[in-house]
Amino acid sequence: MNEYFVDLHIHIGRTFTGKPVKITASKNLTLTNILKTAKYPKGLDIVGVIDCHSPEVIMEIEQLLNKGDLVEIEEGGFRFDNEVTLIPGSEIEIYDQNCSGPIHVLSYLPNFDALKEFSTWMSSRVTNLQLSTQRMYEDAKTLQHFVKSLGGLFIPAHIFTPFKSLYGKGVKSSLEEILRPDLIDAMELGLSSNTFMADKIAEMHNYTFVTNSDAHSLPKMAREYQRMRLESPTFRSLAKALHSQDGNKIMENYGLNPYLGKYYRTTCAICFEPQRGSVCANCGSNKFTKGVSERIEELASKENAPTRPPYVHQVPLEFLPGLGTKTMEKLYDHFGSEMNILHRVSAEELKTAVKEDLAKLIIKARSGELQLELGGGGRYGKVAKDLE
């Protein structure tokens with residue numbers, strides 16, 4: 001058994017020919033750039049890229065296989081430069097007759113043949129197969145069954161965000177309104193929640209929680225991730241870890257403090273002022289974006305929660321005031337990768353590369369000790385100016 005850092009939700013902005021995949025994502029967010037960035041400077045071991053159904057992305061995978069830069073693993077997944085494992089997947093929008101609103105789900109495929117078959121199946125069920133997160137004209141349970149028939153994994157995405165998520169819009173009270181509970185492999189928490197918050201909902205107790213970046217640019221990779229203990233960096237071991245089988249398991253979840261999330265609290269939909277009544281005290285609007293914290297309280301029960309891996313409220317390095325591009329490059333030169341900086345480098349070693357105040361800030365950031373200002377309504381929270 002070895003330990004691996006894993007981020008399973010990374011978008012593709014453009015194909016290798018420059019065609020858009022995720023319209024809102026960065027143009028340099030190509031599959032090849034994701035794999036290179038995962039290796040350096042991020043230091044991730046396994047990445048889930050969730051726009052691999054796109055025909056030109058499949059073409060790029062095939063080219064990388066032919067060149068030998070990617071190697072298909074017998075136990076599922078692909079190895080890049082023998083250092084990073086690619087888990088191919090697809091994010092899909094579902095809004096069938098059972099949904100109260102649209103939801104996003106993640107499907108992961110074990111190998112190239114399964115990926116191509118999935119893409120072909122999707123082609124008759126979406127308007128534009130080339131693009132990311134297309135609405136699927138099929139019911140959710142049919143998708144679950146098909147993913148499972150291919151040996152795949154099925155995970156509802158960012159399950160509490162106010163827009164296009166399972167609990168944010170999709171269901172009134174229970175996931176069983178839309179999905180087959182036994183065909184779900186894990187639940188992705190999203191940036192505005194954590195383990196403690198999610199476990200207030202009794203039906204969450206049956207599932208492993210994953211924490212992923214939902215990256216729309218290369219720097220946003222690994223803003224949330226997990227440390228897993230696996231037999232090997234493969235699809236099969238990942239699948240076992242999501243069900244805690246044969247010693248494969250998640251050791252720790254690393255995520256933003258929910259205060260930093262864009263949708264933690266209910267705010268005015270117009271001016272983002274926190275809600276204090278039925279009318280916004282700042283602008284007079286009566287339109288509000290319900291926060292994740294309030295939505296979870298609506299669904300909460302009093303059942304005892306299961307024992308979970310530790311959830312570490314780690315603040316990404318990019319959130320830290322005074323830590324600019326040049327300083328980050330200096331840290332990378334000294335310590336090799338972001339995972340090294342966040343997990344392996346001591347405080348004394350950090351002080352040899354940056355000023356003592358910044359070294360202390362990094363230590364606080366990785367252990368969740370920073371003072372934070374709350375986010376909401378689509379705006380991220382931030383590290384408080386008064387850090388003491």
Side-chain angles (χ1 to χ4, degrees), residues 2-10 37-47 189-197 209-215 217-229 250-262 264 308-375 380-388:
N2 288 302
E3 294 185 357
Y4 302 92
F5 293 112
V6 182
D7 180 356
L8 294 173
H9 191 151
I10 301 170
T37 301
K39 178 179 174 181
Y40 176 85
K42 291 297 178 178
L44 290 166
D45 302 298
I46 301 174
V47 291
L189 295 182
L191 305 183
S192 297
S193 65
N194 60 16
T195 294
F196 172 77
M197 293 169 67
F209 293 155
V210 292
T211 42
N212 301 311
S213 67
D214 195 357
S217 66
L218 295 172
K220 290 292 192 293
M221 290 170 56
R223 62 180 170 179
E224 294 204 344
Y225 56 96
Q226 43 266 307
R227 181 167 61 92
M228 293 188 179
R229 179 172 292 168
I250 293 178
M251 301 296 293
E252 289 177 309
N253 294 94
Y254 295 90
L256 298 180
N257 187 308
Y259 288 0
L260 289 172
K262 292 166 70 175
Y264 175 73
R308 296 280 188 186
Y311 190 106
V312 180
H313 285 150
Q314 195 173 85
V315 177
L317 295 176
E318 65 169 313
F319 275 74
L320 301 184
L323 186 53
T325 303
K326 289 185 178 179
T327 305
M328 279 302 306
E329 289 176 355
K330 186 177 181 181
L331 286 167
Y332 291 147
D333 287 342
H334 272 75
F335 304 119
S337 74
E338 195 165 315
M339 291 301 107
N340 286 341
I341 296 164
L342 290 171
H343 295 280
R344 303 183 179 106
V345 176
S346 69
E348 292 305 312
E349 288 173 311
L350 282 172
K351 291 174 187 177
T352 66
V354 296
K355 293 180 180 179
E356 184 173 351
D357 287 349
L358 183 54
K360 289 180 178 178
L361 199 61
I362 293 171
I363 295 297
K364 286 185 176 182
R366 67 190 194 181
S367 58
E369 297 176 10
L370 291 175
Q371 297 296 313
L372 306 173
E373 296 179 10
L374 276 64
Y380 288 111
K382 57 185 178 180
V383 176
K385 291 182 180 180
D386 182 4
L387 299 174
E388 300 301 324

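Owing to the predicted nature of the structure, the values given are computational and were not obtained by experimental measurement. FYI, the numbering just counts along the sequence from 1.
- Using modelled atom types, one side-chain atom of D7 and one backbone atom of S213 make a donor-acceptor pair closer than 3.5 Å.
- Judged purely by atom type and a 3.5 angstrom limit, K330 has no side-chain atom pairing as donor or acceptor with the backbone of V354.
- Using a 4.5 Å heavy-atom threshold, the side chains of D214 and L191 count as separate.
- The side-chain heavy atoms of P258 and M197, taken from C-beta on, include a pair separated by under 4.5 Å.
- Residues satisfying the side-chain hydrogen bond (donor to acceptor under 3.5 Å, both in side chains) criterion with T211, sequence neighbours excluded, are Q226, N253.
- With contacts defined as side-chain heavy-atom distances shorter than 4.5 Å, the pair M328/L317 qualifies.
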Does the pair L350 and L358 meet the rule for a side-chain contact (heavy atoms from CB on, under 4.5 Å), with working shown?
-> CA-CA 9 Å; L350 282 172; L358 183 54; over 6 Å; no
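- When ring centroids are compared, Y311 and H313 come within the 6.0 Å threshold.
- Of the charged side-chain nitrogens involved, at least one lies within less than 4.0 Å of a carboxylate oxygen, so that K351 and E348 count as a salt-bridged pair.
- To the nearest 0.5 angstrom, Y264 atom OH is 10.5 Å from S193 atom OG.
- Ring pair Y254/H343 is perpendicular by interplanar angle, where above 60° counts as perpendicular and below 30° as parallel.
- Between R229 and E3, the shortest heavy-atom distance links the atoms NH2-OE2, 3.1 Å.
- Looking only at atom types and distance, the side chain of E349 has no donor-acceptor partner in the side chain of T352 under 3.5 Å away.
- To the nearest 0.5 angstrom, K42 atom NZ is 7.0 Å from M221 atom CE.
- Residue L342 comes nearest to Q314 through the heavy atom pair CD1-OE1, 3.4 Å, listed as atom of the first residue, atom of the second, then distance.
- No hydrogens or angles considered: nothing links the side chains of E338 and Y40 as a donor-acceptor pair under 3.5 Å.
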